[in-house]
Amino acid sequence: MTTPIRGLHHVTATVNEAQPDLDFYAGLLGLRLVKQTVNFDHTGVYHFYYGDEEGRPGSLMTTFPYGGEGVPQGRIGAGQISVTSFSVPPGALDFWRGRLADRKVPVEREGVRFGEGLLEFRDPSGLRIELREAPGDPRDPWVASGIPPAAAVRGLHSVTLTLHRAGPSLAFLTGLLGMEEGERDGDRIRVLAGDGRPGALLEMEVAPEAPAGVNGLGTVHHVALEVDDGEAQRAVRSTLVAEGVQVTQVKDRQYFTSIYFRGPGGILYEVATRGPGFTQDESVADLGTHLKLPGWEESNRPSIERKLTPVSLENVR
Ligand code: ZN
């Protein structure tokens, strides 16, 4: 079966306060803030999208800053995306060690996995973030970040799925979603989404004793996989429905359309279309500079803006 999945589209996390989130993902990691909008299902909360210059699928990290909304801290564990990894060029970790030390962000793990150097640390909400030295990643970094291009983040590298058992999720991803099983390294199994390049990888970490993850601040909410268009999305939906998987209707997310469903380990997946993309309501030059609302919320703008905590884009380029 050839997979309609082209790679990762985005990772979405529930985070704490908005300002430290902006300062970390755009300021420290050097991703571009490509869109400021609100959670379409809870408009009192921002939705930030970070990525490359145009916010291409596979470069995108997105956050819901729920700080102050009564959402408790979550717990990272089994049945979740436990680690979000970003791709940097081989040799770049020296630069990042220095940058993290300057900003007083402790490194929690260093090592080599699948032959790639890695550095793990936490974002301000407690999310586990990794940089992976991936050879042969042709994607262009966001050059205005002020980070040397030889070290800058290229986009997502992979996500780590922490699971009690590998079998059911492996069957789900390779069977229903048509992905390919890849190499193994210790307790990890790679699954190739699309061509399996950096940005098109999932890594299953088998941890039979891991406590179950609990959703909340500092946890990944879901991972989105990219498909070409609505037709490919409908085909994925039909396959899942035919196998008895509960799948949402197609939802309009303004910059793409989405369906959502849970995998066997409890992990929440989304399948999202490549387009129409982030330039449909802002020019490439202006991406991320203004609060954008979907058309159906525009008449509520004054009340939405009153509820949101003002943020400074001083450290955001
Ligand atoms: Zn999403």
Side-chain angles (χ1 to χ4, degrees), residues 4-15 18 21 25 31-43 45-52 54-66 71 74 79-86 123 125 127 129 155-156 158-161 173 177 193-194 199-202 213 215-230 232-234 236-237 240 245-263 266-278 280-281 287-288 292-294 297:
I5 307 294
R6 298 294 180 231
L8 302 177
H9 188 292
H10 63 268
V11 173
T12 294
T14 307
V15 300
D21 190 72
Y25 288 100
L31 305 180
R32 185 179 193 190
L33 176 68
V34 292
K35 196 65 66 182
Q36 291 182 56
T37 182
V38 292
N39 183 341
F40 292 180
D41 302 321
H42 188 110
T43 57
V45 168
Y46 283 110
H47 192 180
F48 296 140
Y49 288 84
Y50 306 97
D52 66 6
E54 291 183 27
R56 292 176 185 87
S59 73
L60 296 165
M61 177 75 185
T62 103
T63 59
F64 295 128
Y66 265 91
V71 173
Q80 276 182 342
I81 304 298
S82 54
V83 186
T84 304
S85 303
F86 293 92
D123 89 340
S125 304
L127 284 163
I129 302 295
L156 292 170
S158 57
V159 290
T160 297
L161 290 61
L173 295 172
L177 295 176
L201 286 168
L202 296 91
N215 262 326
L217 304 183
T219 59
V220 171
H221 187 260
H222 62 267
V223 59
L225 306 165
E226 180 195 3
V227 289
D228 289 339
D229 51 27
Q233 187 175 57
R234 282 189 294 278
V236 172
R237 191 174 184 285
L240 291 166
V245 179
Q246 287 203 353
V247 190
T248 66
Q249 294 300 317
V250 175
K251 297 191 184 226
D252 182 358
R253 295 317 194 189
Q254 185 79 355
Y255 310 107
F256 42 87
T257 63
S258 300
I259 55 172
Y260 302 83
F261 49 92
R262 280 192 195 277
I267 289 170
L268 184 61
Y269 297 94
E270 172 181 351
V271 166
T273 54
R274 182 172 310 129
F278 294 98
Q280 74 144 342
D281 61 0
L287 286 179
K292 304 306 285 187
L293 298 175
E297 291 290 359

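Note that ligands are numbered from 1 as they come in the structure, with each ligand's atoms numbered from 1 the same way. Everything numeric here is computed off the predicted structure, so don't read it as measured data. Side chains are part of it too, since the values below use all heavy atoms of this structure and drop only hydrogens, waters and symmetry mates.
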query = When rounded to the nearest 0.5 angstrom, what is the spacing between CZ in F86 and OH in Y50?
reply =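 So the CZ of F86 and the OH of Y50 are separated by 10.5 Å.
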task = Tally every protein N/O/S atom whose distance to the Zn ion (ligand 1) is less than 2.8 Å; waters are neither shown nor counted.
result =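 That number is 3, waters not included.
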request  = Test T62 against H47 for side chain to side chain donor-acceptor pair (under 3.5 Å), laying out the working first.
outcome  = CA-CA 7 Å; T62 103; H47 192 180; 2.7 Å; yes
ask   = Does a side-chain heavy-atom distance below 4.5 Å link H222 with R262?
value =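 Heavy-atom side-chain distance check fails, nothing below 4.5 Å.
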message = With a 3.5 Å distance limit and no angle check, can you tell me whether T248 reaches the backbone of Y260 through a side-chain donor-acceptor pair?
response =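 Side chain of T248 to backbone of Y260, a donor-acceptor pair under 3.5 Å: yes, one is there.
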ask   = Can R6 and D228 be counted as an ion pair, charged N to O under 4.0 angstrom?
value =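 Yes, charged N to carboxylate O under 4.0 Å.
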task = Mind listing the closest non-hydrogen atom pair of L127 and V15 along with its distance?
result =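 Nearest pair, atom of L127 first, then V15: CD1-CG1, 3.8 Å.
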